[in-house]
Every structure is written in C-alpha cells, then in structure tokens.
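Encoded as structure tokens, the structure appears first; notes follow it.
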Amino acid sequence: MLVDTFSVAGKADTTDYKTSKFVYNNTEVEMKDGHAVVTPTHKELEIRISQHAPKTGLMLVGFGGSNGSTLLGGLLANQHNITWERKDGVCNPNFFGSMIESSTVRLGTTHAGEDVYAPFRSLVPFVDPKNPDQFMLGGWDINNDNMYAAMQKAAVLDVTLQHKLRPYMENITPMPSVFDINFVAANQEDRANNVITAEYAKEMLGEEVDTTGRRWYVEVIKAQMRKFKEENNLEKIVVLWTANTECFAPIIEGVNTTEAELLASLKDAEKSKHIAPSSLFAIAAIEEKVTFINGSPQNTLVPGVIEYAVRNRSMIGGDDFKSGQTKMKSVLTDFLVSSGIKPTCIASYNHLGNNDGLNLSSPAQFRSKEITKANVVDDIVASNDILYKRPGEIEKPDHCIVIKYLKYVGDSKRAMDEYTSEIFMRGKNTIVLHNTCEDSLLAAPIIMDMALCGEMLGRLEVREPNGEWENFHPVMNTISFFCKAPRVPDQTPIINALPAQRACLENILRCVAGLPIETNMRLENRVM
Ligand code: NAI
C-alpha cells in the first residue's frame with residue numbers, strides 16, 4: 001500500500017525545521033596481531049533540515065547536449081502536464097528513473113500484515129521539480145542552438161512531444177561558455193560557436209578585462225550565475241557539468257595540487273593552460289558558495305579544487321553519472337561477491353552513436369571514461385579476501401571496457417557484458433547481459449536527483465546534544481548512488497555497491513524523518 005504523506009507519532013516539528021534525535025550505532029575496530037577487536041559504539045545525535053525548500057535553479061554546463069535538452073524537455077512536460085501521442089497510445093509525462101520522485105521507502109506494517117510505503121521524497125522537504133515556481137533549468141553550451149533545436153538534434157524525445165515543447169523551448173538559448181579544444185576531442189571543434197570572448201566579458205563585467213591566464217573566465221562565469229539567479233528570482237543555484245568528457249588534467253606540483261597553487265596558476269598564462277574548463281566552473285561555483293557536481297568522468301575536482309571547496313565549506317560532488325552499464329555492474333558484482341561467488345573475468349562492450357560517443361572515440365577522452373568504469377568493482381572485491389586471496393598478491397578480476405562509436409544507434413547505447421565467475425568446486429558460471437540503454441533518458445532523471453539531493457544536503461545539519469549544528473562534509477559522498485566514481489573526503493573508503501549507497505541515503509533521511517533505520521530484520525515476522 002502506498003500513502004502520499006505520513007507523520008511520526010509523538011513527533012512535532014517546528015515550521016522552520018524538521019528535527020529528530022537518534023542513536024548512531026557503529027563499531028570501532030582495532031587490529032591486534034592480525035586479530036580484530038570490535039567495540040560497538042553508540043552516539044546520541046540530533047539531525048535537522050530546514051523546512052523551506054528554496055526556489056532553485058539547476059545550471060547545466062553542456063545544457064544543449066543530449067542530456068541537457070532531454071532533461072529540459074522532460075521537466076517542462078512534467079511541469080505543464082503535456083501529453084503526447086505515439087502509435088501505442090497517449091503518453092503522460094513521468095519522472096521514472098528518478099529515485100527521489102519515483103521510488104518508495106517502507107514505513108512499516110499494519111496490524112493486518114500489510115506493508116505500507118511512502119514516496120522517497122516524503123522523507124524530507126525536497127525541492128519539488130513538478131512546480132515551476134520551485135525548480136527551473138538554465139545553463140551554458142559552446143553551441144548556440146536554441147533548446148528546441150538542441151532537442152531535435154539529440155533525437156531522444158518523441159517527435160510529437162518535441163512539437164508540443166517547441167513554444168516552451170525555442171526561446172531558451174544557452175549562455176556562452178569556456179572552450180578549450182585541448183581538453184575535448186578534435187571532432188567537437190565545429191560545435192564551438194558560443195564561447196566567452198573578451199568582448200562578452202567586458203559586457204558581463206562592465207569593464208575591460210585582462211585576458212592573461214584564466215581568472216577572467218572564472219569572473220565571467222560568476223557574473224553569469226549571479227545574473228541568472230537574479231533574473232529568475234532564485235534563492236539557490238546548483239551547477240552541474242554534463243558537457244563533453246574532458247581528458248584528465250595533469251596533476252602538477254606548483255600548478256594544481258593545492259588551493260594556493262591553483263589560485264596562483266589561474267593568473268599565469270602558461271600554468272593556467274592545465275586548468276580544464278570544467279575546473280573553472282567548479283572554482284567559480286566554490287567562490288559563489290554554489291553546489292557544484294561533476295557528471296562526467298574527468299578529474300575536474302583536482303586536489304587544489306577539493307582543498308578550496310573544503311576550506312570554503314562549499315559543496316562539491318561527482319564524478320560521472322552512474323546510469324546504465326555501470327549501475328548494473330555495481331549491483332551484479334555485489335550480488336555475486338556477497339553470495340560467495342567469485343567473479344574472475346568481466347568484459348564490457350558499448351557502442352553508441354550520440355555526440356558523447358563521438359567525443360569518446362578519441363583515446364584521451366575514452367581513457368577518462370575507462371578509469372571511472374573500471375574502478376567500480378574495486379571495493380566489492382576488496383571486501384572478500386576469502387574469494388580473492390592469493391598468497392603474496394592482491395587478486396582482482398580480469399576486467400576490460402571497450403567503447404565504440406556507431407552513429408546508426410544514436411542515443412540507444414548498447415551495452416554488452418560478460419561476467420565469468422568461479423563457483424563450487426572450480427565450476428564456472430557465465431552471465432551475459434545485453435542492455436539497450438536509451439542513454440539520455442536514463443541520465444536525465446539522475447541529473448535531476450543529483451541536483452535535488454545536492455540542494456537538500458546543503459540544508460542538512462547534525463549535532464551532538466546541545467552542541468553546534470554542523471553541515472555535512474563539503475565533499476558530498478552521500479550522493480554516491482548517482483556516481484560511477486564517487487568522490488569522498490580524504491581518508492574515507494569509497495563505496496560502489498548500489499544497495500549500500502541507497503541504504504546510506506535512505507537511512508540518513510529516515511533519521512531526519514524520525515523513522516528507525518531500515519535493518520530488514522523484521523523479527524515480528526520471524527519469531528513466535
Ligand atoms: P552531448 O555531447 O550530447 O552533450 C554535451 C554538450 O556539452 C554539447 O552540447 C556540447 O556542445 C557541450 N559542451 C562541450 N564542451 C563544453 C564546454 N566547455 N562548456 C559548455 N558546453 C560544452 O553529451 P551527453 O550525452 O549529453 O553527455 C554529457 C556528458 O555526460 C558526457 O561527458 C558523458 O560522458 C556524461 N555521461 C552521460 C551519461 C549518459 O547516460 N548519458 C552517463 C554518464 C556520463
């Protein structure tokens with residue numbers, strides 16, 4: 001049974017905050033001569049979130065791409081309840097694929113033995129994407145197509161829907177952006193007809209600019225953000241990179257390994273060439289105290305950027321949307337390893353024909369993707385030395401990733417995976433998967449979720465009884481459910497397994513709502 005809303009007996013929230021007390025049960029482990037001594041710990045904590053969901057603008061870098069135009073079209077269709085016809089009937093808009101909008105949490109069981117569920121979004125006051133007065137999109141693209149033309153080129157949404165969306169989208173044009181061909185594939189150069197120039201900078205900043213280095217780009221981006229916020233009467237903005245995958249930026253001592261190096265390099269003609277456009281957006285967001293999320297695989301968040309964000313207590317997160325093949329991998333590998341089965345060989349092939357695929361057909365950009373896709377099994381494998389213990393060496397499954405550009409399939413990315421595992425008594429088990437991903441339709445709701453979560457996390461605070469309220473860490477590993485290669489604070493383990501990632505987010509929000517964490521013990525059904 002599904003209910004829309006719920007209240008917790010005996011809990012009264014103020015109009016300003018939803019607040020709960022809870023006991024955080026954990027363990028401390030001490031290693032003594034190879035033996036683990038485990039001490040259960042219990043900490044009383046209070047957690048709260050502001051009840052006010054601010055009017056939020058999500059600013060996408062790469063707005064005119066397949067993801068950006070698909071999200072805008074889908075969002076507007078939902079906000080204005082636009083229906084459209086197809087040969088299989090009339091379609092209504094939905095947010096399927098959004099964990100926040102379309103998944104549920106279990107509240108408990110009635111006396112009659114029926115489980116009762118509530119929408120995930122009912123746990124805390126999220127910004128409501130269906131409400132145009134609460135959530136809107138904007139952003140940058142190096143291409144000046146209006147958003148209707150961009151949606152047509154992306155060829156993702158049904159054409160009948162595109163026609164209905166035309167009046168809503170053809171007057172929206174992305175803002176000019178920073179372009180550096182050295183970071184993306186040569187085949188992207190033709191798209192770049194909407195870039196920030198000295199003349200545009202003068203117009204935005206109201207004065208002549210010194211174009212040495214790349215600091216001036218940061219200043220222009222900040223001015224664009226402020227203008228967008230003001231013009232649309234927004235209380236908050238979130239910036240998210242869904243532009244082309246860049247190659248990895250080199251991490252160079254003296255250039256970008258610390259905040260001080262990075263800020264100095266921005267003004268240096270030579271050193272600033274190593275600072276990627278995506279990092280410039282991150283720096284601008286940090287300086288404006290705006291949440292920044294990287295949805296592509298490259299290392300936008302170089303050490304200097306992370307240090308800068310942490311010191312400024314400005315929220316950052318990423319990397320790389322976990323939408324299709326990798327999401328499956330982080331479920332399947334977790335299922336195999338947690339069943340005591342040993343994956344020994346994972347081969348993943350993709351072919352796709354959209355502009356992302358064209359960009360990834362260049363080796364340096366493919367390498368960024370290969371890295372984020374490959375690391376996803378690491379922690380799952382490391383969790384089970386019973387399976388992966390070979391004397392004197394760390395064993396890992398053989399794992400390869402191939403991506404090819406085949407124009408014909410467009411955005412319908414094909415992902416083919418073969419998982420070979422060792423089972424009982426040296427037997428072998430092989431699973432073969434074929435997944436037609438519909439890439440941008442999978443990614444768009446994830447982008448929205450990341451923004452809604454990123455905004456919400458900025459309002460979440462925790463404290464010890466009567467202590468000072470503290471925000472969550474600026475490096476938002478709480479959104480790792482949505483990321484192929486989750487960014488985590490220093491000295492923090494990376495969790496890739498999808499069920500654990502979801503349980504983390506759900507349980508934190510259950511605590512805010514005043515619900516017990518979901519342990520799945522359900523003793524009432526198991527004990528007389
Ligand atoms: P796309 O190629 O259709 O869109 C990218 C857009 O970024 C283009 O419109 C391009 O003109 C623009 N762009 C390039 N450099 C720019 C810059 N410096 N500033 C502003 N705009 C710039 O690609 P798509 O399919 O929308 O994917 C976007 C990104 O998301 C890619 O990096 C992709 O790897 C990543 N991604 C996509 C997933 C999916 O399922 N669609 C999953 C995981 C990651």
Side-chain angles (χ1 to χ4, degrees), residues 59-72 97 139-147 149-151 153-156 173-185 187-196 214 217 220-221 224 239-247 275-282 284 293-298 300 318-327 350 352-362 365-366 368-373 376 403 405 410-413 415 435-447 450 482-485:
M59 299 184 76
L60 298 175
V61 194
F63 193 28
S66 302
N67 286 345
S69 58
T70 303
L71 178 56
L72 180 66
W140 299 263
D141 205 289
I142 51 156
N143 189 270
N144 69 0
D145 276 344
N146 70 57
M147 291 305 290
M151 169 177 63
K153 271 193 195 155
V156 174
T173 306
M175 292 182 284
S177 185
V178 187
F179 185 64
D180 182 348
I181 191 64
N182 295 312
F183 281 87
V184 291
N187 58 35
Q188 296 299 311
E189 190 148 28
D190 290 351
R191 290 184 72 91
N193 61 8
N194 193 36
V195 298
I196 295 173
R214 295 195 162 173
Y217 283 128
V220 174
I221 296 167
Q224 289 171 316
V239 172
L240 186 147
W241 179 275
T242 176
N244 287 136
T245 297
E246 298 172 332
C247 59
I275 306 177
S278 61
S279 297
L280 299 176
F281 278 90
I293 297 167
N294 175 31
S296 300
Q298 74 278 334
T300 300
D319 299 322
D320 206 2
F321 312 123
K322 183 154 81 167
S323 58
Q325 186 177 47
T326 312
K327 197 172 218 164
N350 303 255
L352 71 169
N354 56 18
N355 189 52
D356 181 30
L358 183 63
N359 181 57
L360 293 175
S361 62
S362 156
Q365 285 66 32
F366 165 70
S368 302
K369 198 60 131 188
E370 188 181 35
I371 292 170
T372 55
K373 275 180 169 272
V376 73
I403 303 180
Y405 175 64
D411 201 58
S412 288
K413 181 173 90 183
N435 182 351
T436 304
C437 292
E438 296 289 358
D439 231 9
S440 305
L441 293 174
L442 288 176
I446 291 175
I447 293 175
M450 283 174 129
F482 308 108
C483 305
K484 271 199 201 71

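We count ligands from 1, going down the list as the structure has it; atoms in each ligand are counted the same way.
Taking a cut-off of under 4.0 Å to the non-hydrogen atoms of G64, the atoms of ligand 1 that pass are 9 (O). The atoms of ligand 1 that sit less than 4.0 Å from any heavy atom of G62 are 6 (C), 7 (O), 12 (C), 20 (C), 21 (N). Residue V61 has at least one heavy-atom neighbour below 4.0 Å for each of these atoms of ligand 1: 19 (N), 20 (C). Near S66, meaning under 4.0 Å from any of its heavy atoms, are these atoms of ligand 1: 1 (P), 3 (O), 4 (O), 25 (O), 26 (O). Short contacts between ligand 1 and A443, defined as distances under 4.0 Å to a heavy atom of the residue, involve ligand atoms 39 (C), 40 (O), 41 (N). Each of the atoms 31 (C), 32 (O), 33 (C), 34 (O) of ligand 1 lies under 4.0 Å from some heavy atom of T245. Close approach of ligand 1 to K484 is summarised as follows: ligand atoms under 4.0 Å from at least one heavy atom of the residue are 43 (C). Every atom of ligand 1 is numbered from 1 in the order shown, and the set under 4.0 Å from a heavy atom of G295 is 35 (C), 44 (C).
With a heavy-atom cut-off of 4.0 Å, V178 touches ligand 1 through its backbone alone. Contacts with ligand 1 closer than 4.0 Å are made by heavy atoms of both the backbone and the side chain of A243. For S177, every heavy-atom contact with ligand 1 shorter than 4.0 Å involves the side chain, none the backbone. Under 4.0 angstrom from ligand 1, there are no non-hydrogen atoms of K322. Contacts between F482 and ligand 1, counted as non-hydrogen atom pairs separated by less than 4.0 Å, are absent for every part of the residue.
In this structure, NZ in K484 is found 4.5 Å from OG1 in T326, a value given to the nearest 0.5 Å. We find the CD1-NZ distance between I403 and K413 to be 6.5 Å, quoted to the nearest 0.5 Å. Separation of atoms CD1 (I447) and CG (N67) is listed at 4.0 Å; rounding is to 0.5 Å. In this structure, CG in L71 is found 9.0 Å from OG1 in T242, a value given to the nearest 0.5 Å. Rounded to the nearest 0.5 Å, atoms CZ (R191) and CZ (F179) are 10.0 Å apart. The CE atom of M175 sits 3.5 Å away from atom CE of M59, with the distance rounded to the nearest 0.5 Å.
Of the protein's non-hydrogen atoms, N67 OD1, 3.1 Å is the one closest to atom 41 (N) of ligand 1. In this structure, the protein non-hydrogen atom closest to atom 23 (O) of ligand 1 is D356 CB, 3.7 Å. With respect to atom 4 (O) of ligand 1, the closest heavy atom belonging to the protein is G65 CA, 3.1 Å.
Among the atoms of G68, none of the N or O lies under 3.5 angstrom from an N or O of ligand 1. Considering backbone and side-chain atoms together, D141 places an N or O closer than 3.5 Å to an N or O of ligand 1. Between W241 and ligand 1, not a single N/O pair is under 3.5 Å apart. Considering backbone and side-chain N/O of N143, none are found under 3.5 Å from N/O of ligand 1.
Side-chain atoms of D319 and T300, non-hydrogen and from C-beta on, never get closer than 4.5 Å to each other.
In the model, N244 has no side-chain atom that pairs as donor or acceptor with a side-chain atom of Q365 under 3.5 Å.
Considering each of D439, V184, N193, D180, the one bringing a non-hydrogen atom nearest atom 40 (O) of ligand 1 is D439. Closest to atom 13 (N) of ligand 1 by heavy atom, among L441, I446, L71, I142, is I142.
With S440 as reference, D411 is the one residue of D411, D356, N354 to meet the side-chain hydrogen bond (donor to acceptor under 3.5 Å, both in side chains) rule.
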**Request:** Could you walk me through whether L358 and Q188 pass side-chain contact (heavy atoms from CB on, under 4.5 Å), step by step?
**Result:** CA-CA 8 Å; L358 183 63; Q188 296 299 311; 4.1 Å; yes
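Heavy atoms of L442 come nearer than 4.0 angstrom to ligand 1 in no pair at all.
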